[in-house]
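As structure tokens, the structure follows; a few thoughts come after it.
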Amino acid sequence: MVEAQIEAILFTMGEAVELERIAGALDHDEETTRKIIHNMMDKYEQEDRGIHIIELDGAYQLCTKASMYETIIKITHIPRKHILTDVLLETLSIVAYKQPITKLQIEAIRGVKSDHAVNKLIEYSLICEMGRMDAPGRPILLGTTEEFLRCFGLQSLEALPIMNPEKLEDFKLEAEEELQLKLDI
Amino acid sequence: MVEAQIEAILFTMGEAVELERIAGALDHDEETTRKIIHNMMDKYEQEDRGIHIIELDGAYQLCTKASMYETIIKITHIPRKHILTDVLLETLSIVAYKQPITKLQIEAIRGVKSDHAVNKLIEYSLICEMGRMDAPGRPILLGTTEEFLRCFGLQSLEALPIMNPEKLEDFKLEAEEELQLKLDI
Amino acid sequence: MSIPVKLQAFEGPLDLLLHLIDKNKINIYDIPIVEITEQYLEYIKGMDSKDLDIMSEFLVMAATLINIKSKMLLPTDESEEAEAVDPRQELVDRLLEYKMYKYISEELKDKQLDASRILFKQPTIPSEISDYKEEIDIDSLMSDLTLQKLHDIFKSIVKKQADKIDPIRSKFGKIEKEEINLSQTFIHIQEYGLLHRTFRFRSLLEATKSKMEIIVTFLGVLELIKIGRIRIEQEALFDDIMIHYLANDIIQMEGAGF
């Protein structure tokens, strides 16, 4: 039971914890605690364990065994499956056509928080920071990357299918006309 | 040896790791890997261990045992994650049981606007966008996240407390009893 | 938001109703609608009406209650008694569903408390390894995406935005008391239908001046769909909804069982 407590403490703390603090949390004297920890250290050295306790200047820390590095390298190198979900596509198209644009502006258009989508697109190097807006809080402006253009074989942003600004005007006019209609009545 | 590798992976990564990735790093098939992990899970339940493996929707994560909590708070301050108000909990339950669901559908059940609650839950990573509904206006569909499972100690959505239709029956019985009481008088 | 303190506890109209039902020890399947409506109205009278968003939700429920009350006061048609539906049924169903979620959220609260005793650790990838950055193959990521598709996606978003700059709704600033004649609107839609046979839903709204009128028109359309007098279709997402008037006459609302 004491061993379990020590394991839980070292796991949660992550960093090296002084013997004194461990003993204090367990209501044990330091000498007994030290003995228990060293007993545990032996157990951790068994083959079926991937982590062990190391001692650093009177403090103890739980960490991965060096022999496990290859496995860790392997798992960190396994490529994850990446797909452009509808959410990402939608966000990407907004950035492409409205850049430079802030996250808040994206969220206003989409009607929902978009941190996750923006972060993913940055991770994928499809969009990036383009500076900051000269406004309170100096929000970050986002735009598409060269990588993005290259994927479509585009020389520059001007080559994007035209939407702005005529089309936008059309939509606005349409809406205004309807408003006018109503006011006329 | 394989067990040691799995322990090292889960310890190092900290987060939930998909079975698929673990198997990939070990050069094992998923079924064998799954069996080994479940075998390990049993071992971790022994008295002298303070940590164990939990399953989250086909991924595995190392964490402390709940029984260790009292010991750990003696040594360190544990910041409370997000405290969910009744409004948030209510909205979250609706999303959990009815997902994928639109904000309008949530509002129909609650009888009140729910923008604030929905946005907060997204901010806390407890719910997320799951795409858009194939209907006029293409409203956003919401569902719960892995973080939701973790925060509520659920292995998967199937582990949600069952409510229909027994619970409804209970309510009905309750109501009928009350009615009976009244008729008896 | 400046609702009096005693009311702040209610999350919405359903919450308030459940409270009243509880307080009065009423059977949810047999709500004494007259009393409950009175109590409900009494409550919302005490509300600060400055916050229209909140107020309107409580008012919608008030209207529902009054509607149910009036229906219950009407004498039931003897011949139709067999299939008569209790006007309270829909409300009861909603209340039960809501109550269920309230109940389940209590259970979830307990689960969260239990789970909060479990602690995790941050990733500790050794520095020798952590320099590695995952390569993402953008070309395969983007393989299904064409410029045309990207353009279409953006177009549909802008269209949605344009719809949102709803000239009607953007004019809402205040709630006015007004007389909307439901049966008149019901007949008006049919007159319009007889005249045009096939028309855009939007064109029906062109003569409407207020939110209430739009709502009533919409309700009328729904009712006409329900009784099979009109058919609607939409060619593609975001297109206008087309309405086809199928009948050759006009019926009164009473006949439609409104």
Side-chain angles (χ1 to χ4, degrees), chain A residues 1-14 17-18 21-27 39-40 43-44 46-52 62-81 85-91 107 110-117, chain B residues 1-14 17-18 20-27 40 43-44 46-52 62-76 78 103 115 118-123 125 128-132 138-142 145:
Chain A
M1 184 56 189
V2 181
E3 297 199 355
Q5 289 174 309
I6 294 170
E7 184 176 55
I9 286 172
L10 296 181
F11 176 84
T12 313
M13 303 297 284
V17 189
E18 295 81 29
R21 286 181 76 195
I22 301 173
L26 301 177
D27 269 334
N39 186 35
M40 286 172 73
K43 280 205 211 168
Y44 274 107
Q46 281 169 11
E47 272 231 317
D48 63 343
R49 304 300 307 266
I51 53 178
H52 62 173
L62 203 54
C63 61
T64 319
K65 289 181 183 172
S67 58
M68 294 293 128
Y69 275 19
E70 274 194 46
T71 309
I72 310 268
I73 291 173
K74 236 176 151 180
I75 194 147
T76 50
H77 288 213
I78 290 178
R80 291 167 192 253
K81 261 188 225 143
T85 60
D86 290 347
V87 178
L88 293 184
L89 279 174
E90 200 179 292
T91 311
E107 286 171 351
R110 301 197 58 233
V112 70
K113 284 233 169 226
S114 303
D115 304 71
H116 181 74
Chain B
M1 184 55 187
V2 180
E3 296 198 356
Q5 288 175 305
I6 293 171
E7 186 175 56
I9 288 171
L10 295 182
F11 179 84
T12 310
M13 304 300 275
V17 189
E18 296 84 25
E20 194 189 342
R21 297 186 71 207
I22 301 173
L26 302 175
D27 273 332
M40 288 172 73
K43 283 205 208 168
Y44 274 105
Q46 280 169 12
E47 272 231 318
D48 63 341
R49 302 302 308 264
I51 53 176
H52 63 171
L62 261 184
C63 62
T64 61
K65 290 181 182 171
S67 56
M68 294 294 126
Y69 185 74
E70 304 301 337
T71 308
I72 296 166
I73 52 170
K74 274 193 199 163
I75 202 161
T76 185
I78 296 155
K103 202 174 62 189
D115 303 73
V118 165
N119 280 336
K120 265 274 170 276
L121 291 171
I122 291 177
E123 198 183 313
S125 300
C128 66
E129 280 180 72
M130 310 194 74
R132 289 187 181 262
R138 310 232 326 126
I140 287 168
L141 288 166
L142 301 160
T145 60

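Below, read A as the first sequence line, B as the second, and so on, with proteins coming before strands; counting in each chain starts at 1. All values below were derived from every heavy atom in this structure, side-chain atoms included, with hydrogens, water molecules and symmetry-related copies excluded.
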Checklist outcome for this item: Ranked by heavy-atom pairs below 4.5 Å to chain B, first place among A/D27, A/I6, A/T64 goes to A/T64
Checklist entry - Relative to chain A, which segment of B/I140 carries a heavy atom at a distance below 4.5 Å: side chain, backbone, both, or neither? => result side chain
Next on the checklist: Is B/E20 in contact with chain A via its backbone, its side chain, both, or neither, using a 4.5 Å heavy-atom distance?
Outcome noted: side chain
Checklist entry - Is there a donor-acceptor pair under 3.5 Å between the side chain of A/K65 and the backbone N or O of B/Q5? => result no
Next on the checklist: Please identify, among B/N119, B/T12, B/I122, the residue contributing the most non-hydrogen atom pairs under 4.5 Å to chain A.
Outcome noted: B/T12
Checklist entry - Which region of B/V17, side chain (C-beta onward) or backbone (N, CA, C, O), has a non-hydrogen atom less than 4.5 Å from a non-hydrogen atom of chain A, or is it both or neither? => result side chain
Checklist entry - Heavy-atom distance under 4.5 Å to chain A: side chain of B/I51, backbone, both or neither? => result both
Checklist entry - For the side chain of A/R110 and the backbone of A/T91, is there at least one donor-acceptor N/O pair under 3.5 Å apart? => result no
Checklist entry - Which residue out of A/T71, A/D86, A/I22 racks up the most heavy-atom pairs below 4.5 Å with chain B? => result A/T71
Checklist entry - In terms of heavy-atom proximity below 4.5 Å to chain A, should B/M13 be classed as side chain, backbone, both, or neither? => result side chain
Next on the checklist: With side-chain hydrogen bond (donor to acceptor under 3.5 Å, both in side chains) as the criterion, how do B/T145 and B/S125 come out once you've worked through the C-alpha distance, each side chain's angles and the decisive distance to 0.1 Å?
Outcome noted: CA-CA 7 Å; B/T145 60; B/S125 300; over 6 Å; no
Checklist outcome for this item: Comparing A/M1, A/E90, A/K43, A/H116 against chain B, the one with the most heavy-atom pairs below 4.5 Å turns out to be A/E90
Item to check | Heavy-atom proximity to chain B below 4.5 Å, by part of A/D48 | outcome: both
Item to check | Side-chain donor/acceptor of A/S114 to backbone N/O of A/A117, under 3.5 Å | outcome: no
Next on the checklist: What part of B/L62 gets within 4.5 angstrom of chain A, counting heavy atoms only: side chain, backbone, both, or neither?
Outcome noted: both
Checklist outcome for this item: Greatest number of non-hydrogen atom pairs under 4.5 angstrom with chain A, of B/E47, B/R21, B/E3, falls to B/R21
Item to check | Contact check, side chains of B/H52 and B/C63, non-hydrogen atoms, under 4.5 Å | outcome: yes
Item to check | B/T76 side chain to B/I73 backbone, donor-acceptor under 3.5 Å | outcome: no
Checklist outcome for this item: When rounded to the nearest 0.5 Å, the distance separating NZ of A/K74 from CE of A/M68 is 13.0 Å
Checklist entry - Is B/E129 salt-bridged to A/K113, going by a charged N under 4.0 Å from an acidic O? => result no
